[in-house]
There are 2 protein chains.
Amino acid sequence: MNDQLLHHHTLKVSCSSCSLRELCLPVGLNRDEMSQLDAVIRQSRRLKRGEYLFRSGEGFRSLYAVRTGFFKTCVASQDGREQVTGFQMSGELMGLDGISANVHGCDAIALEDSEVCELPFNRMESLGREIPSLQHHFFRLMSREIVRDQNVMLLLGNMKAEERLAAFLLNLSGRLASRGFAANDFILRMSREEIGSFLGLKLETVSRTLSKFAQQGWISVDHKHIKLDQPDSLKTLVSGCSQAHSH
Amino acid sequence: MNDQLLHHHTLKVSCSSCSLRELCLPVGLNRDEMSQLDAVIRQSRRLKRGEYLFRSGEGFRSLYAVRTGFFKTCVASQDGREQVTGFQMSGELMGLDGISANVHGCDAIALEDSEVCELPFNRMESLGREIPSLQHHFFRLMSREIVRDQNVMLLLGNMKAEERLAAFLLNLSGRLASRGFAANDFILRMSREEIGSFLGLKLETVSRTLSKFAQQGWISVDHKHIKLDQPDSLKTLVSGCSQAHSH
DNA sequence: TATTCGCCTTGACTAGCATCAACCAGTCCA
DNA sequence: TGGACTGGTTGATGCTAGTCAAGGCGAATA
């Protein structure tokens, strides 16, 4: 699976030692534009583990960028089945699905104590009209989400349990690595059931498949602590079923 | 399944007896804005059945709105597996996934002789800066695509073959009805295999499930000609597993 | 009219994942 | 300290949908 499977729109950060607000900014703005944007982004909000950032059906006003922590977004069916639609880590955006109907289309739940920046959408929209690169950035972010979703469809529609899980682990690994964390040694923030919901599998299948990978020596599993001992073996498993990229 | 499962961004039409260009417009523009937009939308392009509108990997320049006809969009994995990501009918948009990387992320193929309007994205973007309602319209279109994709994930991740197919038929029915066609008597434009690819099923399963529905008296199947004789039975089947909508 | 081809249907069999159930480890709380 | 609870693992079994295969129908072609 390519990098984009779960790879949410990362908002590029313009400096490393940055204020709360600067974290949520795209690059390429001049000083004046930066301060305009800065005025629009609201103070960040803290959430405890398990807390809802927003719920499906609530009025939509803002997008949210993860500053620290970890989230899941999910849609629920009428009879209570839950489909996790994504996991978001720092720099990634939530709430784009709310624009269409002015109502949030999914739940966003913190999987650990977290902090988000709030981006009031009206203001971002009007600011986009003044700053073309910002407008373009937003179109790209939304498009990236669509590409990610297409890759999830490919995963859910075509791949076997082992391929799904391997793709999932590699995707997490890549996103952590791009944030400066260890690529091959990490802690899962979500339960087996949540992984299963995202991948279209039952929790037992997730558990069994992890055990199988461990038994082959490809990974080490200690509860939520995962080590990728042979990431290439995982890559071999998903090569072929990931999206083809023409050049 | 709710209306949005496959329901692509319909571009609202401002008048009924309209020119080529007017078909692709959103509402709410004044005369002057209309003519600006009119200047940007290129003459429509005709495609024969089986022809590619664009291919994954090609440079992205424009979005395309279906004027007449029927399309599928699909992504291919490296080993040749194909996942149909959607079917588009008149008024629906294709190409939104190309914005993120300036490269088309899927193939778009005409399933019958068709006609599209081309919307050069650069120009639409700059026009959006001048016409706020147009900019907002585009954000909403992209968001709607994201919502649709989430619903497909719910379908692929949680639903059984019968539920998927019932949801598919009801969705098609609704979209046809909203265009003034008969809701319960229509011709499928795609093969069993394409339906299966979209729904994460094999063509034999699609065929068997259609036969099962027919045997129960819920639908009539004559090759690609489908009648929904008891649409409520299909609705019962999917009620529960469609997305919950809070109020 | 016969021929071929694409698309579909149906049957028999199988594989992969779900389901059901038992049990274990860690954690919270009384 | 003990009990209950949550989340995870593993095994046994069953069912759904996939696979393989044969054959039908209609359209296009010669």
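Numbers restart at 1 for each chain; the letters A, B, ... are given by sequence-line order, proteins then strands.
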Please enumerate all residues that pass side-chain hydrogen bond (donor to acceptor under 3.5 Å, both in side chains) together with B:Glu193, with sequence neighbours excluded.
none
For B:Gly196, which contact category applies under a 4.0 Å heavy-atom criterion: base, sugar-phosphate, or nothing?
nothing
Without hydrogens or angle criteria, can the side chains of A:Ser44 and A:Glu115 be said to hold a donor-acceptor pair below 3.5 Å?
yes
Leading and trailing nucleotides of DNA chain D with any atom under 4.0 Å from heavy atoms of chain A:
D:dG8 to D:dA12
Okay, side chain of B:Gln230, backbone of B:Ile219: is any donor-acceptor separation there less than 3.5 Å?
no
State whether the side chain of A:Ser173 and the backbone N or O of A:Asn184 hold a donor-acceptor pair below 3.5 Å, judged by distance alone.
no
Looking at B:Lys227 and B:Asp229, does any basic side-chain N land under 4.0 Å from a carboxylate oxygen?
no
Of residues 201-214 of chain A, the positions that come close to DNA chain C - non-hydrogen atoms, cut-off under 4.0 Å:
A:Leu201, A:Lys202, A:Glu204, A:Thr205, A:Arg208
Pairs touching residues 206-216 of chain B that satisfy side chain to side chain donor-acceptor pair (under 3.5 Å), sequence neighbours left out:
B:Glu162-B:Lys212
Return the 5'-most residue of the pair A:Lys160, A:Arg192 with respect to DNA chain D, ranking by each residue's nearest nucleotide.
A:Arg192
Do B:Arg55 and B:Tyr52 form a cation-pi contact, if we require the NZ or CZ to be under 6.0 Å from the six-membered ring centre and within 45 degrees of the ring's axis?
yes
Could you give the start and end, 5' to 3', of the contact zone on DNA chain C for chain A, using atoms under 4.0 Å from its heavy atoms?
C:dC17 to C:dC20
Please report whether the ring centroid of B:Phe198 lies less than 6.0 Å from that of B:Phe87.
yes
Side chain to side chain contact (heavy atoms under 4.5 Å, CB included) with A:Ile109: of A:Glu51, A:Lys72, A:Glu194, only one passes, and it is A:Lys72
Residues pairing under salt bridge (charged side-chain N to carboxylate O under 4.0 Å, His left out) where one sits in residues 235-245 of chain B, two or more places apart or in two chains, turn out to be B:Asp232-B:Lys235
